[in-house]
*Asks:* 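Here it is: the structure, laid out below.
Below, chain A is the first sequence line, B the second, and so on; all start at residue 1. The basis for the numbers below is simple: all heavy atoms, side chains too, and nothing from hydrogens, waters or symmetry mates. Keep in mind that this is a model prediction, so the values were computed, not measured.
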There are 2 protein chains.
Amino acid sequence: MQPLADAPATHRSAYEGSCASSHGDGRGIREVLDRIGDKWSLLVIATLERGRLRFSELQQHIPGVSQRMLTLTLRHLERDGLVTRTVHAEVPPRVEYELTDLGGTLIGPASAFAEWAIAAFPRIEAARAAYDERV
Amino acid sequence: MQPLADAPATHRSAYEGSCASSHGDGRGIREVLDRIGDKWSLLVIATLERGRLRFSELQQHIPGVSQRMLTLTLRHLERDGLVTRTVHAEVPPRVEYELTDLGGTLIGPASAFAEWAIAAFPRIEAARAAYDERV
DNA sequence: CGGGATCCTACTCGATACTG
DNA sequence: CAGTATCGAGTAGGATCCCG
C-alpha cells in the first residue's frame, strides 16, 4: 500500500535561521511547495475553482492524469484541508470534491504565479535557446 | 493562468488547453513550475534578492543544499535567463551570481505564494493532524 | 574556490489489473 | 463509478572523489 503520509518531514530544522529572511522564515514554504509543486495538485485546484466536481469529471477535465495519480493527489489535498471529499451513499457511488475556504485562498497567489509564468515564458524560451547555442 | 482567478465563463483553463492541445499559454506553466517547483530554485531566487552573491555565500545562506544541487540549480536558472553567472579571472577563482531583470520579476509572485504558504501552514498542519487522527 | 564526474538511493509517476 | 493493489521505469537529489 502506498502510505498517504509518505512525506519524510525529517529535515525540518534545515530552514531555521538565516535563509529567506526577507520573506520571513521559510519553514512552511518547503512543505507547501512540496505538496502543490507536484505534477497535478495545482491543476486540480484550478479545475475545482469552477465548483464542485465528481471524480470522473475531474479526470475528464484534466487530460493525462491517471486514475491513481488523481486519487493520490485528491487524498493529499484533502489531508491538507484544501479540498473536501463527499461520498454520497448511492448506487452507483457518487463522490464529489470541492475547494475548502482555505483552498480557495490559494487561487490568488497561484494566479499571480501563473500569469508571471505565461508572461515570462517567451523570454525564458529565448534565454534557453541562446544558452544552448553558446554551448 | 488567468482562469485560476476570475475566469471568464467562455474561456477554458490555460491548463486544460495545454493538456488537450499542446499549444497555447498553458504550456509555459508546466515548464516553469517544473523548474522553480523543484527543491531549491525558489530558495536561491529568494536569497539572491538581497543582491549579488558568491557560490560559497549562497551555500551558507541555504542550509542543507549540497554542492551538486546548488550548482545544478544555478545552471538551470542561468539557462532560463533568471540568474547571471560572472566568473572573475582570479586566483582563487571567484564566481558571483545575480538576479537578472527577468528573475527579479519573479520576486513578486513568489512572495505572494510564500506569504500564503506561511499564513496557511498552521491551518494545513492542523488539517493534517485532524485527518490522521480520523484514520 | 567552484565546480565536474560518478555512484547510488528513494521517491514519483504511469500502466495495468482487480473490486465493492 | 470510484477507487485499491502491484509492478516497473525514470529521475531528483545526496555522498564522495577529483581537478584547474
Side-chain angles (χ1 to χ4, degrees), chain A residues 1-15 30-31 33-44 47-48 52-79 83-98 135, chain B residues 19 30-44 47-48 52-80 83-98 135:
Chain A
M1 159 181 182
Q2 184 116 0
L4 271 179
D6 50 359
T10 51
H11 58 333
R12 192 157 290 196
S13 61
Y15 275 62
R30 168 89 288 134
E31 302 243 2
L33 193 63
D34 281 349
R35 171 63 50 239
I36 67 95
D38 67 8
K39 196 167 181 180
W40 303 109
S41 291
L42 253 192
L43 202 40
V44 170
T47 306
L48 282 177
R52 188 183 311 148
L53 287 176
R54 304 181 57 162
F55 184 89
S56 53
E57 289 170 333
L58 275 170
Q59 201 170 15
Q60 289 164 14
H61 281 300
I62 306 176
V65 70
S66 67
Q67 207 171 35
R68 177 182 119 91
M69 287 317 297
L70 183 55
T71 299
L72 279 177
T73 302
L74 287 167
R75 286 292 182 281
H76 287 144
L77 293 176
E78 185 197 3
R79 176 171 181 259
V83 156
T84 59
R85 176 175 182 264
T86 307
V87 183
H88 297 84
E90 306 172 0
V91 175
R94 180 165 54 104
V95 181
E96 289 181 321
Y97 294 90
E98 192 172 16
V135 180
Chain B
C19 292
R30 170 93 284 139
E31 302 240 3
V32 174
L33 192 64
D34 282 349
R35 169 66 50 239
I36 67 95
D38 66 9
K39 196 167 180 180
W40 303 109
S41 292
L42 254 192
L43 206 40
V44 170
T47 306
L48 282 177
R52 188 183 311 147
L53 287 176
R54 303 181 57 164
F55 184 89
S56 51
E57 290 171 334
L58 274 170
Q59 201 169 14
Q60 289 164 14
H61 282 300
I62 307 176
V65 68
S66 67
Q67 206 172 36
R68 174 177 179 269
M69 288 318 298
L70 183 55
T71 300
L72 279 178
T73 301
L74 287 166
R75 286 293 180 281
H76 287 146
L77 293 176
E78 185 197 3
R79 177 170 181 260
D80 286 357
V83 156
T84 59
R85 176 175 182 265
T86 307
V87 184
H88 297 83
E90 305 172 0
V91 175
R94 180 164 54 101
V95 181
E96 290 181 322
Y97 294 90
E98 191 173 15
V135 181

*Asks:* Can I get a per-line list of side-chain donor-acceptor pairs under 3.5 Å for residues 89-96 of chain B, giving both atom names and the distance, sequence neighbours left out?
*Replies:*
| unit_1 | atom_1 | unit_2 | atom_2 | d |
| --- | --- | --- | --- | --- |
| B/Glu90 | OE1 | B/Arg94 | NE | 3.3 |
| B/Glu90 | OE2 | B/Arg94 | NH2 | 2.7 |
| B/Arg94 | NH1 | B/Glu96 | OE2 | 3.3 |

*Asks:* Please state how far atom CD in A/Glu90 lies from atom C1' in D/dA2, giving the value in whole angstrom units.
*Replies:* 13 Å

*Asks:* If I take atom CZ from residue A/Arg30 and atom NZ from residue B/Lys39, how far apart are they, to the nearest 0.5 angstrom?
*Replies:* 6.5 Å

*Asks:* Rounded to whole Å, please give me the gap between CG in B/Leu58 and P in C/dG3.
*Replies:*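 For the pair B/Leu58 CG and C/dG3 P, the rounded distance is 10 Å.
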
*Asks:* CG of B/Leu70 versus P of C/dG4: gap in Å, rounded?
*Replies:* 11 Å

*Asks:* Could you pull out all residues at least two apart from B/Glu57 that satisfy side chain to side chain donor-acceptor pair (under 3.5 Å)?
*Replies:*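 Once residues adjacent in sequence are excluded, B/Glu57 has no partner under the side chain to side chain donor-acceptor pair (under 3.5 Å) criterion.
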
*Asks:* Got a second to check how far B/His76's NE2 is from B/Trp40's CH2, nearest 0.5 Å?
*Replies:* 15.5 Å

*Asks:* Quick one: NE2 on B/His61 to CG on B/Leu43, what's the gap to the nearest 0.5 Å?
*Replies:*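 CG of B/Leu43 is found 11.5 Å from NE2 of B/His61.
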
*Asks:* Angle between the two end axes of the helix from C/dC1-D/dG20 to C/dG20-D/dC1, five base pairs per end, rounded to 10 degrees?
*Replies:*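 Angle reported: 50°, given to the nearest ten degrees.
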
*Asks:* Looking at C/dG2, I'd like to know if its phosphate oxygens (OP1 or OP2) sit under 4.0 Å from a side-chain N or O belonging to B/Arg85.
*Replies:*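 Answer no for this pair, as no side-chain N or O of B/Arg85 is under 4.0 Å from OP1 or OP2.
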
*Asks:* Atom OH of B/Tyr97 and atom CZ of B/Arg54: how far apart are they, to the nearest 0.5 Å?
*Replies:*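 Atom-to-atom, B/Tyr97:OH and B/Arg54:CZ are 11.5 Å apart.
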
*Asks:* Output one letter per nucleotide in nucleotides 13-20 of chain D: B when a protein non-hydrogen atom lies under 4.0 Å from the base, S when only the sugar-phosphate is that close, - when neither is.
*Replies:* BBB----B

*Asks:* Can you find a side chain N or O atom of A/Ser56 that sits less than 4.0 Å from OP1 or OP2 on D/dA2?
*Replies:* yes

*Asks:* Examine C/dG2: is either OP1 or OP2 under 4.0 Å from a nitrogen or oxygen in the side chain of B/Arg54? Give yes or no.
*Replies:*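 For C/dG2, OP1 or OP2 has a side-chain N or O of B/Arg54 closer than 4.0 Å.
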
*Asks:* Measure the distance from CD1 on A/Ile36 to C1' on C/dT12 and round it to the nearest whole Å.
*Replies:* 16 Å

*Asks:* To the nearest Å, how far apart are A/Leu43 CG and C/dC13 P?
*Replies:*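 Value for this atom pair: 13 Å.
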
*Asks:* Could you give the NE2-to-P distance, from B/His88 to C/dG3, as a whole number of Å?
*Replies:*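 Roughly 13 Å, once rounded to whole Å.
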
*Asks:* Rounded to whole Å, please give me the gap between CG in B/Asp34 and P in C/dC13.
*Replies:* 10 Å

*Asks:* Does the side chain of A/Tyr97 get closer than 4.0 angstrom to OP1 or OP2 of D/dC1 through an N or O atom?
*Replies:*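 No, no such contact exists.
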
*Asks:* Side chains of residues 62-73 of chain B: which donor-acceptor partners sit under 3.5 Å, not counting sequence neighbours?
*Replies:*
| unit_1 | atom_1 | unit_2 | atom_2 | d |
| --- | --- | --- | --- | --- |
| B/Ser66 | OG | B/Met69 | N | 3.2 |
| B/Thr71 | OG1 | B/Gln67 | O | 2.9 |
| B/Thr73 | OG1 | B/Met69 | O | 2.7 |

*Asks:* Of all residues at least two apart in sequence or in a different chain, which pass the side chain to side chain contact (heavy atoms under 4.5 Å, CB included) check with A/Thr86?
*Replies:*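 Listed in chain order: A/His88.
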
*Asks:* CD of A/Gln59 versus P of D/dT4: gap in Å, rounded?
*Replies:* 13 Å

*Asks:* Can you tell me how far apart CG (A/Leu53) and CG (A/Leu74) are? Round to the nearest 0.5 Å.
*Replies:*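 It is 10.5 Å, given to the nearest 0.5 Å.
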
